[in-house]
Enquirer: 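Below are the structure tokens for one structure; questions will follow.
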Amino acid sequence: MAHDGHLRLSLVGAWITIGTWVADILLYYLGRWRSDWVRRRWPKLRAFMLRVFKVVRRHPWRCSVAVRWAYGLRLTLPLACGAARVPLWLYVIGSGISALTWSYAFTLLGWGFGESAKVVLGHVKRYEWSLSLGIIAVVVIAFYYMRKRQVREDVVDALERDRRLRRRKTR
């Protein structure tokens with residue numbers, strides 16, 4: 001919509017920045033508030049959490065800036081920063097920089113590729129029904145083979161359990 005002039009690109013980036021930054025700060029507070037409960041609730045995670053805390057405490061600035069950019073850690077890293085008691089001012093500044101750079105980078109990428117996507121989708125529109133039927137057929141076939149394999153594994157497991165039970169009874 002920004003590419004077509006319906007929205008201003010700078011405002012799109014600003015709203016995404018604000019939304020992601022607020023979410024990161026809320027996750028930080030959640031980590032700070034409930035970290036003790038998590039450690040008591042799941043004692044097996046304690047060793048892992050302690051290793052994460054060591055990294056966060058050793059590099060609080062890097063972890064605060066990496067909050068948006070660390071793929072796969074966008075939820076856990078803010079929680080860990082809060083639980084590791086990274087100073088709030090440091091976290092707010094670092095996560096703000098992270099949110100700003102991340103949101104504008106992906107807003108500009110989306111804006112740049114928007115026109116290309118429209119061109120590609122315009123050509124695809126001619127083959128929409130054929131592609132839809134092909135995708136449905138692939139999904140149905142994949143589901144059938146996955147289900148067939150699952151049933152086969154269940155049968156093998158059941159037979160193996162039955163064989164073990166018979167051995168126990170004969171002993």
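These values consider heavy atoms only, across backbone and side chains, with no hydrogens, waters or symmetry-generated copies. Since the model is a prediction, treat every value here as computed from it, not as a measurement.
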Enquirer: Is there a path of hydrophobic side-chain contacts, each under 4.5 Å between heavy atoms, that joins F106 and V22?
Expert: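 Hydrophobic grouping puts F106 apart from V22.
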
Enquirer: For the atom pair CZ (R68) and OG1 (T17), what is the distance rounded to the nearest 0.5 Å?
Expert: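 Rounded to the nearest 0.5 Å, the CZ-OG1 separation comes out at 10.5 Å.
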
Enquirer: About how many Å separate CG of L27 and CG of L75, when rounded to the nearest 0.5 Å?
Expert: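 Answer for the CG-CG pair, L75 versus L27, is 6.0 Å.
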
Enquirer: So, does Y104 use its side chain to make a donor-acceptor pair with the main chain of A14 at under 3.5 Å?
Expert: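 Yes: the side chain of Y104 pairs with the backbone of A14.
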
Enquirer: Could you tell me the separation between the CD1 atom of I18 and the OG atom of S103, rounded to the nearest 0.5 Å?
Expert: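 One finds 9.5 Å between CD1 of I18 and OG of S103.
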
Enquirer: With a 3.5 Å distance limit and no angle check, can you tell me whether R32 reaches the backbone of R85 through a side-chain donor-acceptor pair?
Expert: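 No, R32 side chain to R85 backbone: no donor-acceptor pair under 3.5 Å.
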
Enquirer: Take atom CH2 in W69; do more than 12 heavy atoms of anything else shown fall under 6.0 Å from it?
Expert: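 More than 12 heavy atoms, drawn from other residues, nucleotides or ligands, come within 6.0 Å of this atom.
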
Enquirer: Rounded to the nearest 0.5 Å, what's the gap from OG1 on T20 to CD1 on I25? Could you check?
Expert: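 Atom-to-atom, T20:OG1 and I25:CD1 are 9.5 Å apart.
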
Enquirer: Write down the atom of L77, the atom of C63, and the distance for their closest heavy-atom approach.
Expert: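 Shortest heavy-atom contact: CD2-O, 3.5 Å.
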
Enquirer: Count I, L, V, M, F, W, Y as connected when their side-chain heavy atoms are under 4.5 Å apart, and connections chain through other members. Are F113 and V12 then in the same cluster?
Expert: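 Yes, because F113 and V12 connect within a single hydrophobic cluster, where side-chain heavy atoms sit under 4.5 Å apart.
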
Enquirer: Evaluate the criterion side chain to side chain contact (heavy atoms under 4.5 Å, CB included) for residue pair V67 and Y91; output intermediate values, then yes/no.
Expert: CA-CA 9 Å; V67 163; Y91 180 78; 3.7 Å; yes

Enquirer: Tell me whether V55 shares a hydrophobic cluster with V65, the cluster being built from Ile, Leu, Val, Met, Phe, Trp, Tyr side chains joined at under 4.5 Å.
Expert: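 V55 does not cluster with V65.
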
Enquirer: Once side chain to side chain donor-acceptor pair (under 3.5 Å) is applied, do any residues pair with S64, and if so which ones, sequence neighbours excluded?
Expert: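 None.
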
Enquirer: For the hydrophobic clusters of this structure (ILVMFWY residues joined by side-chain heavy atoms under 4.5 Å, transitively), does one cluster hold both I97 and V56?
Expert: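 The answer is yes; both residues are in one hydrophobic cluster.
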
Enquirer: Give a yes or no answer on whether the side chain of Y28 reaches the backbone of V86 with a donor-acceptor pair at less than 3.5 Å.
Expert: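 At least one qualifying donor-acceptor pair exists.
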
Enquirer: Is the number of heavy atoms from other residues, nucleotides or ligands under 6.0 Å of R62 CZ greater than 12?
Expert: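 No, because the 6.0 Å sphere around CZ of R62 holds 12 heavy atoms or fewer from other groups.
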
Enquirer: Apply side chain to side chain contact (heavy atoms under 4.5 Å, CB included) to R74 and W102, showing your working.
Expert: CA-CA 12 Å; R74 289 188 195 141; W102 182 85; 3.7 Å; yes

Enquirer: Could you walk me through whether V92 and W89 pass the side chain to side chain contact (heavy atoms under 4.5 Å, CB included) check?
Expert: CA-CA 5 Å; V92 167; W89 66 270; 5.9 Å; no

Enquirer: Membership question, hydrophobic clusters at under 4.5 Å side-chain separation (ILVMFWY): are I141 and V138 in the same one?
Expert: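 In one cluster: no.
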
Enquirer: How long is the span from the CD1 atom in I16 to the CG atom in L100, to the nearest 0.5 Å?
Expert: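 Atom-to-atom, I16:CD1 and L100:CG are 11.5 Å apart.
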
Enquirer: Report, as yes or no, whether the 6.0 Å neighbourhood of atom CH2 on W61 holds more than 12 heavy atoms from other residues, nucleotides or ligands.
Expert: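 Yes, the 6.0 Å shell around CH2 holds more than 12 heavy atoms from other groups.
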
Enquirer: Side chains of S95 and W21: do they bring a donor and an acceptor to under 3.5 Å?
Expert: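 Yes - a donor-acceptor pair under 3.5 Å links their side chains.
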
